[in-house]
2 protein chains.
Amino acid sequence: METHQRTPKKKSNYKIMQITSFTEENYLKIIYKLSAETDADISTNAVAELTQTKAASVSDMLRKLSEKHLVNYQKYQGVRLTEAGEQVALKVIRKHRLWEVFLVEKLGFNWDEVHDIAEQLEHIDSEELVEKLDEFLEHPKFDPHGDPIPDPNGRMPKLTYQNLSEVKQGERVLMMGVSEHSSAFLQYVAKLGISLGSELYILEINDFDKSLSVQIAQANPQFMSHEVAKNLLVKVVK
Amino acid sequence: METHQRTPKKKSNYKIMQITSFTEENYLKIIYKLSAETDADISTNAVAELTQTKAASVSDMLRKLSEKHLVNYQKYQGVRLTEAGEQVALKVIRKHRLWEVFLVEKLGFNWDEVHDIAEQLEHIDSEELVEKLDEFLEHPKFDPHGDPIPDPNGRMPKLTYQNLSEVKQGERVLMMGVSEHSSAFLQYVAKLGISLGSELYILEINDFDKSLSVQIAQANPQFMSHEVAKNLLVKVVK
DNA sequence: ACAAATTTTTAGATTAGTCTAAAATTTACT
DNA sequence: AGTAAATTTTAGACTAATCTAAAAATTTGT
Ligand SMILES: [Mn+2]
Ligand SMILES: [Mn+2]
Ligand SMILES: [Mn+2]
Ligand SMILES: [Mn+2]
């Protein structure tokens with residue numbers, strides 16, 4: 001369905017121009033995301049899980065993306081983005097994160113409310129729009145969840161933060177991002193008084209369940225489960 | 001194609017919830033536009049022309065929209081929006097025009113550059129987004145082309161401006177809008193030094209071809225064809 | 001190493017939106 | 001009023017994206 005809209009995205013298709021549908025963009029983005037977590041090729045099932053489709057549908061799409069040279073794909077052997085496919089994915093991710101910044105910084109949304117809207121906005125097709133938005137937002141380097149924003153040439157800094165769960169007692173860290181983006185988690189983190197840039201001081205780590213007692217900024221100590229700490233990305237300070 | 005995206009727009013479909021696809025929204029918007037120009041029912045061919053599809057496709061879609069109670073449609077007799085269909089159309093138009101204001105006022109686009117981008121943005125589905133955008137823009141009443149923006153309840157003021165071509169020699173008018181939205185026309189109007197709110201004074205009307213000599217603000221007189229004057233909407237001043 | 005379990009692909013259908021060509025209906029004209 | 005022209009609808013086909021069920025390939029485990 002939905003043919004009427006944007007698939008025959010003609011544009012200035014001088015010579016080699018990738019024409020990628022909404023759906024294809026989502027597949028590429030998801031393959032990119034999965035590839036960031038491993039060096040291995042990505043399995044059909046892994047893609048199916050994130051696209052919320054069935055493996056059969058994924059097989060079909062991988063064949064198609066392969067014909068377009070957006071992925072390298074050998075039947076039964078998993079998939080990997082080509083350089084071209086990665087560029088498409090990075091452009092979509094750039095748009096997604098810029099729009100999230102816009103929604104939070106300009107429109108006043110909370111950080112747990114913007115992801116689904118950005119999932120729609122990330123497919124709006126206009127180079128000029130993206131670059132003007134970037135300028136309007138004063139070239140942000142990070143989105144509201146601490147994720148880095150790829151530059152206009154599709155380059156993204158590789159950041160290596162630690163999980164709060166790996167930090168030792170007595171250490172002082174800065175909150176730099178989250179690895180879980182669900183609304184429930186983000187709301188909980190906010191309720192604890194933690195936001196990007198917050199200074200956290202590990203008062204105590206419980207031996208039994210690895211739960212923590214953490215001082216957040218100047219406030220009273222807060223209890224935090226290991227599960228929560230695993231999803232907080234931090235940088236040790238000093 | 002494009003099923004993966006938004007058709008099964010589930011949302012809070014408690015009880016009676018219109019589920020309208022991107023394509024359906026475009027049809028409704030176009031039927032609305034055509035209905036504004038006439039009291040008669042809208043013909044299949046008229047819709048086909050604006051949707052850039054064939055009459056056969058339109059017939060099919062009208063049947064479908066009729067089943068959804070978004071239009072009243074009798075085979076061979078033309079089509080008309082129902083109250084529900086009109087509300088959908090007005091919501092899309094509201095979004096379109098708000099986004100155009102955003103693009104011009106906040107991102108610095110020219111008024112001739114925003115329509116195509118707004119054609120995409122108008123289908124982003126989030127009530128909260130629309131209302132926050134409206135607030136961010138300080139509740140604009142008109143878009144960059146002088147078109148009125150429907151309110152959140154789908155009400156739009158009926159404005160009755162004159163075409164500049166109907167104004168008599170010696171009259172003083174304010175430029176309030178355009179009835180032609182092509183990039184070429186908008187650029188030409190801007191080049192003449194005319195923008196929304198400009199004061200125009202009709203110095204002379206040529207009997208032969210109805211072309212005009214017009215003084216724009218305090219600048220030197222400009223020549224203007226009847227064709228151009230027909231597409232400028234004005235309000236007589238004083 | 002080989003059978004069982006798991007994963008992946010293929011085959012065949014379905015849906016939304018489109019098309020062309022042919023049939024039906026309405027409108028226009030003598 | 002009766003026919004020709006124009007418009008509209010129907011019939012049948014196509015594409016993108018999906019699904020289920022069955023077949024094929026790979027991985028796992030003894
Ligand atoms: Mn997000
Ligand atoms: Mn984010
Ligand atoms: Mn417009
Ligand atoms: Mn406009």
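What you see is a predicted model; the values in this text were computed from it and never measured. Below, chain A is the first sequence line, B the second, and so on; all start at residue 1.
Close to D/dT10, at under 4.0 Å from its OP1 or OP2, lies a side-chain N or O of B/Lys75.
With DNA chain D read from its 5' end, the first of the two nearest nucleotides for B/Tyr73 and A/Ser57 is the one closest to B/Tyr73.
If you run salt bridge (charged side-chain N to carboxylate O under 4.0 Å, His left out) between A/Glu119 and each of A/Arg97, A/Lys29, A/Lys95, only A/Lys29 comes through.
Backbone-only engagement by A/Thr44 is indicated by non-hydrogen atom pairs under 4.0 Å involving sugar-phosphate atoms exclusively.
The cationic atom of B/Lys106 (NZ for Lys, CZ for Arg) does not lie both less than 6.0 Å from the six-membered ring centre of A/Phe136 and within 45° of the ring axis.
Inspection of the A/Asp209 and A/Ser211 side chains reveals an N or O donor paired with an N or O acceptor under 3.5 Å.
Atom CG of B/Leu62 is separated from atom C1' of C/dT18 by 14 Å (rounded to the nearest Å). The CD atom of B/Gln74 sits 15 Å away from the P atom of C/dT25 (whole-angstrom rounding). Whole-Å rounding puts the B/Asp60 CG to D/dA11 P distance at 11 Å. Protein atom CG of B/Leu65 is 13 Å distant from nucleotide atom P of D/dT9, rounded to whole Å. Atom P of nucleotide C/dT18 and atom CZ of B/Arg63 are separated by 13 Å, given to the nearest angstrom. In this structure, the CE atom of A/Met61 is 12 Å from the C1' atom of D/dT15, given to the nearest Å. One interatomic measurement links the two molecules: NZ of B/Lys54 to P of D/dT8, which rounds to 15 Å at whole-angstrom precision. The interatomic distance linking A/Asp41 (CG) with D/dT27 (C1') rounds to 16 Å, in whole Å.
Listed nucleotides D/dT9, D/dT18, C/dT9 differ in distance to A/Ala56; the shortest reach to its side chain belongs to C/dT9. In the set C/dT7, D/dT8, C/dT18, C/dT7 carries the atom at the smallest distance from any side-chain atom of A/Asn45. When distances are taken from the side chain of A/Tyr27 to each of C/dT26, D/dT18, D/dA11, the shortest belongs to D/dT18. Among the nucleotides C/dT9, D/dC19, C/dT26, the one closest to the side chain of A/Thr53 is D/dC19.
Taking the six-membered ring where tryptophan is involved, the planes of A/Phe102 and B/Trp99 are tilted, since the angle between them lies from 30° to 60°.
In this structure, A/Asn110 contributes its side chain and A/Glu113 its backbone to no donor-acceptor pair below 3.5 Å.
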